[in-house]
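Keep in mind the model is a prediction, meaning the values are calculated, not measured. Chain letters run A, B, ... following the sequence lines, proteins first, then strands; residues in each count from 1.
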Amino acid sequence: MRRILVTSALPNANGAIHLGHMLEHIQTDIWVRFQRMMGNQCIYVCADDTHGTATMLAAEREGVTPEVLIERLRAEHAEDFRRFYVSHDNYYSTHSPENERYNSLIYTRLAERGYTYTADVEQLYDPVRKLFLADRYLKGNCPRCGADDQYGDNCQECGATYDATELVNPRSMLSDAEPELRNSTHYFVDLPQFADFLKEWTATDAVQPEVANKLAEWLTGGLKAWDISRDAPYFGFRIPGTEDKYFYVWMDAPVGYMASFQHLCDRTEGLEFDDFWTPDSQAEVHHFIGKDIINFHCLFWPAVLSGSDFRTPTKVHVHGMLTVDGKQMSKSRGTFINAGTYLEHLDPEYLRYYLATKFGGNTDDMDFGLDDFVQRVNADLVGKVVNIASRCAGFIGKNFGGRLAGEIHDAELWGAVSSAGDELAELYESGDTGRAVRRITALADLGNRYIAEHEPWKHLKDPDRRDEVHGVCSLGINVFRALAAYLKPILPAMAEKAEGFLRVEPLAWRDAATPLLDHEIDRFRPLFTRIDKKALDKVIEATRAEAVEASAASRESNTVGIDDFQTIDLRVAKVLAANFVDGADKLLELNLDVGDHQRRVFAGIRGAYDPAKLVGRLVVIVANLEPRKMRFGVSEGMVLAAGPGGRDIFLLAPDTGAEPGMQVT
RNA sequence: GGCUGCGUAGCUCAGUUGGUUAGAGCACAGCAUUCAUAAUGCUGGGGUCGUUGGUUCAAGUCCAACCGCAGCUACCA
């Protein structure tokens with residue numbers, strides 16, 4: 001018996017599970033269920049990837065702690081996967097004590113062995129939000145072609161790549177402030193020390209050949225050290241021995257595989273972490289990932305593992321990306337389909353089957369063709385496979401007391417079906433479920449042809465041919481049973497219904513090789529209904545509607561809960577200076593004392609207030625309003641006032657005694 | 001821009017080390033059939049294999065350039 005640990009890449013805790021995630025988890029789950037049917041021990045763990053600046057900012061926006069945010073999403077994600085029959089043994093979180101422990105352990109071992117070092121890095125810093133800016137939060141002009149609005153790493157216009165520090169007129173996308181160049185100490189894993197190890201490792205069959213080709217680009221070009229630290233504020237684990245340095249999320253994400261497994265071991269009798277993770281382990285570790293994250297899993301991760309005295313992965317299974325009707329998933333086209341939206345209208349096994357026909361065990365992209373999806377499922381699954389049971393069951397029930405014949409009517413047909421198991425097993429093992437499905441539907445074609453040739457409905461009237469009819473229909477049921485077993489990794493719920501119909505124990509792979517003889521079966525009930533194209537249209541419509549709603553945000557709701565209200569940080573502020581703004585006929589620029597700091601706020605009150613008379617008075621401001629770029633500068637908040645506008649504007653004023661910085665509750 | 005991979009009938013794909021008239025399923029058309037969730041069987045139409053050029057007795061298959069798609073390009077998770 002093989003002992004196998006399997007993972008899918010960790011979904012981010014910053015959004016809902018969508019079709020792209022489902023592709024990966026369904027592919028993984030099919031492989032896992034196949035291994036289990038073969039009698040192997042196969043543990044499947046996953047987790048939400050929770051850390052990073054994005055989580056921190058999202059939680060801030062919602063006015064909750066990151067912990068609250070990520071736990072809510074984790075529960076949602078786990079539920080989506082469960083409803084698609086994805087059989088995780090554990091769906092955990094990277095924000096866990098186990099993960100912190102393994103991160104520290106791995107880091108400490110790497111440091112002790114001289115695989116880490118620190119160096120000062122110059123990085124752009126947002127003085128308003130008080131944090132260092134990742135490339136994705138920076139925009140500016142391309143240093144080569146000057147194009148507007150380019151991100152901090154490369155230019156969409158001319159294709160140049162550069163450092164964020166080279167951007168011309170850089171701007172923080174969080175505050176629109178001009179970033180400052182600041183020095184900070186960063187921690188690095190000295191990847192070049194692992195160059196020889198990685199060259200050897202990537203040449204094994206742990207990675208697909210095309211992946212090895214891609215990796216050769218980095219390996220021959222020379223590996224760079226890997227920056228594994230981020231400065232506070234950051235939502236993550238603090239690096240041992242530091243005050244304000246945190247592990248970069250890509251350091252702790254793959255360690256999350258180990259942590260999720262450890263968490264499972266702690267609750268499972270007989271499951272030992274060390275059996276799977278020591279360097280001499282005989283167990284297997286398989287990672288399923290998309291081709292977008294090859295470098296993390298095939299360079300950093302094996303290097304980190306080998307440098308910290310853990311085993312390296314047996315195999316990294318890399319798949320291509322999902323397109324819908326030939327294009328990237330898009331919210332406005334209605335093709336950025338969330339798992340939850342799909343489930344409201346369609347059976348999860350439709351998707352499992354359709355995607356299974358697409359997997360080839362390679363890194364080619366896969367297209368979700370909307371019409372193709374409907375046709376494929378209806379024609380193959382309902383028209384071919386299930387139809388065999390449906391057309392034979394009636395005869396068995398009505399004429400033979402629901403009992404199958406005692407012998408095989410056609411040895412040749414049964415031989416073809418029952419002997420396909422080995423070839424199909426190889427296809428499943430290599431991840432080529434597309435070819436496996438094609439072989440299985442070809443077997444279904446054989447079955448349907450066989451039944452058509454023997455015309456049981458005609459011969460039933462002839463008493464001399466009753467045994468033949470019994471034999472033909474019984475063999476039909478047996479063919480169906482074998483196909484249900486072959487398809488069980490893909491269609492677990494259908495297989496379960498088939499087991500009920502056949503009155504048998506849960507099907508194992510080897511059951512396809514031995515027929516059911518002289519055995520009573522149940523009445524047949526439809527195992528699958530056809531896809532209604534209208535249901536799919538509804539999914540697209542709903543997805544489009546979600547996109548519109550999301551962009552309209554929560555502006556339209558009439559009432560808010562107390563929690564929503566508490567997300568707004570109202571504060572008392574004192575006007576230190578007030579000035580006219582050149583070129584603005586409604587605005588005044590205010591300098592406000594907010595207690596611990598000062599801010600600049602633009603207020604549209606020029607028509608009602610003389611700036612000179614404002615100085616010294618107290619006002620109420622929204623302190624956590626997203627900084628807004630205006631024509632004349634960035635406004636860092638909003639002063640509260642009542643009235644229709646023009647001359648009729650009335651500032652809210654706290655009574656005497658209030659101090660700048662006090663929160664309004 | 002560089003790198004990896006892909007581009008074969010309307011759709012989804014198969015085409016092994018280059019070798020006789022390029023295959024399958026779905027869709028479409030005709031016929032047959034009626035047991036089955038309008039399911040099944042038989043027959044048929046449909047492709048200058050992304051483009052251009054090259055190597056070769058012979059290229060979908062090898063080479064080059066170009067076009068299109070996806071991903072990566074190390075601080076987006």
Side-chain angles (χ1 to χ4, degrees), chain A residues 9-15 49-55 121 123-124 132-138 144 151-155 158-161 163-164 186 191 208 210-218 221 223-227 230 248-250 253 290-296 299-300 318 320-323 326-328 354 357-358 360 362-367 369 371-376 378-380 382-384 386-395 398 434-435 437-438 441-442 445 447-453 455-458 460 469 472-473 476 524-530:
Chain A
L10 311 185
N12 298 320
N14 61 10
D49 182 18
T50 58
H51 292 149
T53 310
T55 306
V121 171
Q123 200 184 356
L124 293 170
F132 283 95
L133 293 162
D135 289 355
R136 67 181 296 212
Y137 295 120
L138 280 160
R144 193 167 92 184
Y151 287 96
D153 49 358
N154 67 71
C155 174
C158 73
T161 59
D163 276 351
H186 276 238
L191 210 57
Q208 291 121 296
E210 62 265 45
V211 174
N213 290 344
K214 180 63 187 169
L215 293 168
E217 181 188 340
W218 286 295
L223 292 167
K224 288 193 221 162
W226 185 32
D227 186 349
R230 294 295 181 271
Y248 173 42
V249 55
W250 263 115
K291 67 180 181 180
D292 53 336
I293 52 176
I294 286 172
N295 54 355
F296 294 105
L299 294 178
F300 305 146
V318 181
M321 310 312 280
L322 182 72
T323 56
K327 302 209 164 108
Q328 273 185 72
Y354 182 69
T357 67
K358 299 283 180 178
N362 54 40
T363 62
D364 291 357
D365 294 338
M366 285 153 278
D367 186 51
D371 292 330
D372 188 44
F373 170 66
V374 174
Q375 285 171 2
R376 201 85 190 224
N378 288 348
D380 291 0
V382 182
K384 289 183 176 180
V386 173
N387 183 48
I388 295 175
S390 177
R391 68 194 307 200
C392 292
F395 292 112
K398 280 180 203 146
R435 203 181 284 259
V437 167
R438 265 173 262 136
T441 51
D445 287 342
N448 277 311
R449 204 174 302 148
Y450 164 78
I451 295 163
E453 277 166 12
E455 303 176 303
W457 54 92
K458 195 183 278 181
L460 190 61
V469 171
V472 167
C473 295
F524 182 80
R525 277 172 290 267
L527 300 171
F528 242 108
T529 51
R530 311 170 72 76

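Look at the C1' atom in both B:A39 and B:U51: the space between them is 44 Å, to the nearest Å. With both ends at atom C1', the span from B:G30 to B:U48 equals 29 Å, rounded to whole Å. Here, B:U12 and B:U21 have their C1' atoms 25 Å apart, quoted to the whole Å. To the nearest whole angstrom, the two C1' atoms, one in B:A70 and one in B:G50, are 16 Å apart. Rounded to whole Å, the P atom of B:C63 lies 38 Å from the corresponding atom of B:A27. If you take atom P in B:G15 and the same atom in B:G23, they sit 15 Å apart, rounded to whole Å. B:G60 and B:G54: their P atoms are spaced 15 Å apart (whole Å). Between the P atoms of B:C67 and B:U55, the separation comes to 24 Å (whole Å).
Nucleic acid contact class of A:L527 (heavy atoms, under 4.0 Å, all strands): base. As judged by a 4.0 angstrom heavy-atom cut-off over every strand, A:P526 is placed among the base-contacting residues. Within 4.0 Å (heavy atoms only), A:Y248 reaches sugar-phosphate atoms of the nucleic acid but no base atom. Looking at heavy-atom distances under 4.0 Å, A:N362 makes no contact with the nucleic acid at all. Residue-level contact check: A:F300 touches the bases, meaning some heavy atom is under 4.0 Å from a base atom. Note on A:G369: nothing from the nucleic acid sits closer than 4.0 angstrom, heavy atoms only. Residue A:W226 is classed as a sugar-phosphate contact, given heavy-atom separations below 4.0 Å to backbone atoms only. Nucleic acid contact for A:A379: sugar-phosphate only, since backbone atoms but no base atoms lie under 4.0 Å from a heavy atom of the residue.
We find that CG of A:L299 is positioned 14 Å from C1' of B:C3, with the value rounded to whole Å. We find that CG of A:D365 is positioned 13 Å from P of B:U12, with the value rounded to whole Å. One atom, CD1 of A:I388, and another, P of B:A39, lie 15 Å apart when rounded to the nearest Å. Taking atom CG of A:L460 as the reference point, atom C1' of B:C35 lies 9 Å away to the nearest angstrom. When the C1' atom of B:U12 is taken as reference, atom CG of A:L322 falls 14 Å away, rounded to whole Å. Here the C1' atom of nucleotide B:C76 and the CG atom of A:D135 are 9 Å apart, to the nearest Å. The CD-C1' distance, from A:Q208 to B:U4, rounds to 12 Å in whole Å. For the pair A:I451 CD1 and B:U34 C1', the interatomic distance rounds to 14 Å; values are reported in whole Å.
Where A:L191 and A:V249 each meet RNA chain B at their nearest nucleotide, the meeting point lying more 5' is that of A:L191. Between A:V211 and A:V382, the residue whose closest nucleotide on RNA chain B is further toward the 5' end is A:V211.
When side chains are defined from C-beta on, A:Y137 does not count as touching A:F132, because their heavy atoms never get closer than 4.5 Å. Taking the side chain as every heavy atom from C-beta outward, A:K214 and A:K291 never approach each other to under 4.5 Å.
Counting atom types as modelled, A:D227 pairs a side-chain N or O with a base atom of B:C75 as donor and acceptor under 3.5 Å. Looking at A:Q123, its side chain comes within 3.5 Å of the base of B:C75 through a donor and an acceptor atom.
Between A:N295 and B:U73, a side-chain N or O to OP1/OP2 separation shorter than 4.0 Å is present. Checking the phosphate oxygens (OP1, OP2) of B:G5, a side-chain nitrogen or oxygen of A:N213 falls inside 4.0 Å. Applying the 4.0 Å criterion to OP1 and OP2 of B:G15, one finds that A:R435 has a side-chain N or O inside that range.
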Might you list the N or O atoms of the protein lying below 3.5 Å from N or O atoms in nucleotides 22-25 of chain B, with each pair's distance?
{"residue": "B:G25", "atom": "O3'", "partner": "A:K384", "partner atom": "NZ", "Å": "3.2"}

N/O-N/O pairs, protein side and nucleotides 29-33 of chain B side, under 3.5 Å:
none

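The side chain of A:F524 has B:U37 as its nearest neighbour among B:U37, B:C35, B:A70. Listed nucleotides B:A74, B:U37, B:G41 differ in distance to A:N448; the shortest reach to its side chain belongs to B:G41. Nearest to the side-chain atoms of A:W218 among the listed nucleotides B:U37, B:C72, B:C75 stands B:C72. Among the nucleotides B:U37, B:U40, B:C6, the one closest to the side chain of A:D364 is B:C6. Here B:G2 is the nucleotide among B:U73, B:C26, B:G2 with the atom lying nearest to any side-chain atom of A:E217. The side chain of A:K224 has B:A74 as its nearest neighbour among B:A74, B:C13, B:U40.
Once rounded to the nearest 0.5 Å, the distance linking CG of A:L133 with CG of A:L124 reads 7.0 Å. The CG atom of A:L215 lies 5.0 Å from the CG atom of A:L299; values are rounded to the nearest 0.5 Å. How far SG of A:C392 is from CG of A:N387: 8.5 Å, rounded to the nearest 0.5 Å.
Residues passing the side chain to side chain contact (heavy atoms under 4.5 Å, CB included) test with A:V386, sequence neighbours excluded: A:F524, A:L527, A:F528. Every residue was checked against the side-chain hydrogen bond (donor to acceptor under 3.5 Å, both in side chains) condition with A:K224, not counting sequence neighbours, and none meets it. With sequence neighbours excluded, the residues forming a salt bridge (charged side-chain N to carboxylate O under 4.0 Å, His left out) with A:D227 are A:R230, listed by chain and number. With sequence neighbours excluded, the residues that form a side chain to side chain contact (heavy atoms under 4.5 Å, CB included) with A:T441 are A:Y353, A:D380, A:K384, A:V437. Every residue two or more places apart in sequence or in another chain that forms a side-chain hydrogen bond (donor to acceptor under 3.5 Å, both in side chains) with A:R391 is listed here: A:N448. For A:R435, the side-chain hydrogen bond (donor to acceptor under 3.5 Å, both in side chains) partners at least two apart in sequence or on another chain are A:D432. Residues meeting the side chain to side chain contact (heavy atoms under 4.5 Å, CB included) test with A:E210, sequence neighbours left out: A:Q208, A:N362, A:T363. For A:D135, there are no salt bridge (charged side-chain N to carboxylate O under 4.0 Å, His left out) partners two or more places apart in sequence or in a different chain. Applying the side chain to side chain contact (heavy atoms under 4.5 Å, CB included) rule to A:A212 yields the partners A:V207; only residues at least two apart in sequence or on another chain are considered.
Counting only Watson-Crick or G-U wobble pairs whose defining distances are both under 3.5 Å, the stems of 3 or more consecutive pairs in RNA chain B are B:1-7 with B:67-73, B:10-13 with B:23-26, B:28-32 with B:40-44, B:50-54 with B:62-66.
Side chain of A:D365 to backbone of A:M321: a donor-acceptor contact under 3.5 angstrom is found.
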